[in-house]
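I have placed the structure first, in the form of structure tokens, so that the comments after it can refer back to it.
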2 protein chains.
Amino acid sequence: MEQLWAAPDALTVRAVYEQVSTTRDLAYTTVMTVLDRLAKKKLTERERDGKAWRYRAAAPREEMAADLMRDALDRAGDRREALVRFVDQVSDEEAALLREALARLEEREG
Amino acid sequence: MEQLWAAPDALTVRAVYEQVSTTRDLAYTTVMTVLDRLAKKKLTERERDGKAWRYRAAAPREEMAADLMRDALDRAGDRREALVRFVDQVSDEEAALLREALARLEEREG
DNA sequence: ACACATCTACGACGTTGCGTAGTAGACGAT
DNA sequence: ATCGTCTACTACGCAACGTCGTAGATGTGT
């Protein structure tokens, strides 16, 4: 159900429901429950808008992916080894992106 | 239950059980079931040894971590963005390890 | 004021994965 | 024959998840 995050931001339940309805046949309440549960898990934030709530992804997809990568790395034991294996798996393009990201980091940190 | 992988390799159920018993109070059959389930999920391989099976981790902890990192990255949408965020989260030491791993990769690939 | 639509809150049900464990059956050793 | 050791199969409780229904509050049109 995470593809709700593909939408821009701060949507009302109704809006998400309409959106989702185009591809899946779900009840309005189902969408609501999911949104609520995600909010409870802090994966989503919500703010009042009159009677209704507006939900917004607490963090973009990319941040979530990064968090998951961190979690995975933390379970590794030998982080060096894990990182080596990771870059081994990665495509050339991704390796280039990684180098780029690291370069940018270095530059920022001085 | 994954800390069974801390052990070296190719252990019989009995051996794993003995090992685990030192820190946790589990039934022999419990260990067996867990091993069996892990085997079904291909996280472990087994080979006959007389009547019994010997189990071996299909991949070391670090490989598993690397796989998880890959999975996370694949769910990112914008991989560049995800990698940037990832290196942002990472400690200095880990960033260094990453650079090292990338350097090694480059060297190997030419 | 009343009916109707729209929301939220809360509970419920089935499925799945997991940790734990018991029982049954096979087989070798004593 | 009886034990001990193994595997295979089944089961139970629990949590998470996807799905949804019902109840109650509140706003809107006539």
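Following rounding to the nearest Å, A:Lys40 (NZ) and C:dG11 (P) show an atom-to-atom distance of 9 Å. One atom, CE of A:Met32, and another, P of D:dG21, lie 12 Å apart when rounded to the nearest Å. Per the geometry, CZ belonging to B:Arg48 stands 14 Å off P belonging to C:dA26, to the nearest Å. Between A:Glu18 atom CD and C:dA5 atom C1' the separation is 14 Å, expressed in whole Å. As rounded to whole Å, 12 Å separates atom P of C:dG11 from atom CG of A:Asp36. In this structure, CG of A:Asp25 is placed 7 Å from P of D:dC20, rounded to the nearest angstrom. The interatomic distance linking A:Leu26 (CG) with D:dT19 (P) rounds to 5 Å, in whole Å. Computed from coordinates, the A:Leu35 CG to D:dT19 P distance equals 13 Å when rounded to whole Å.
A salt bridge links A:Asp88 with B:Arg108; the closest basic N to acidic carboxylate O contact falls under 4.0 Å. The pair B:Asp67-A:Arg85 does not count as a salt bridge, with every side-chain nitrogen at least 4.0 angstrom from each carboxylate oxygen.
Checking the phosphate oxygens (OP1, OP2) of C:dT6, no side-chain nitrogen or oxygen of A:Tyr17 falls inside 4.0 Å. At the phosphate of C:dA9, neither OP1 nor OP2 sits under 4.0 Å from any side-chain N or O atom of A:Arg37. An OP1 or OP2 oxygen of D:dC6 is reached within less than 4.0 angstrom by a side-chain nitrogen or oxygen of B:Arg14. Proximity of A:Lys41 to the phosphate of D:dC17: a side-chain N or O atom is located under 4.0 Å from OP1 or OP2. Taking 4.0 angstrom as the limit, B:Arg24 places a side-chain polar atom (N or O) nearer than this to OP1 or OP2 of C:dT20.
Residues A:Ala76 and B:Glu62 approach most closely at O-OE2, 2.5 Å, considering heavy atoms.
Within 4.0 Å of A:Val13, counting heavy atoms only, lie sugar-phosphate atoms of the nucleic acid but no base atom.
Between the side chain of B:Thr30 and the base of C:dG19 there is no donor-acceptor pair of N/O atoms closer than 3.5 Å.
Comparing A:Thr33 and A:Lys51 by the nucleotide of DNA chain C that holds the closest heavy atom to each, the one mapping nearer the 5' end is A:Lys51.
Set against D:dC20, C:dT20, C:dT23, the side chain of B:Thr29 has C:dT23 as its closest nucleotide. Considering only side-chain atoms of A:Ala27, the nucleotide from C:dT20, D:dG21, D:dC9 that sits closest is D:dG21.
Residue A:Leu35 is tested with A:Tyr55, A:Trp53, A:Tyr17 for a side-chain contact (heavy atoms from CB on, under 4.5 Å); the sole match is A:Tyr55.
A donor-acceptor contact closer than 3.5 angstrom is absent between the side chains of B:Ser21 and B:Glu18.
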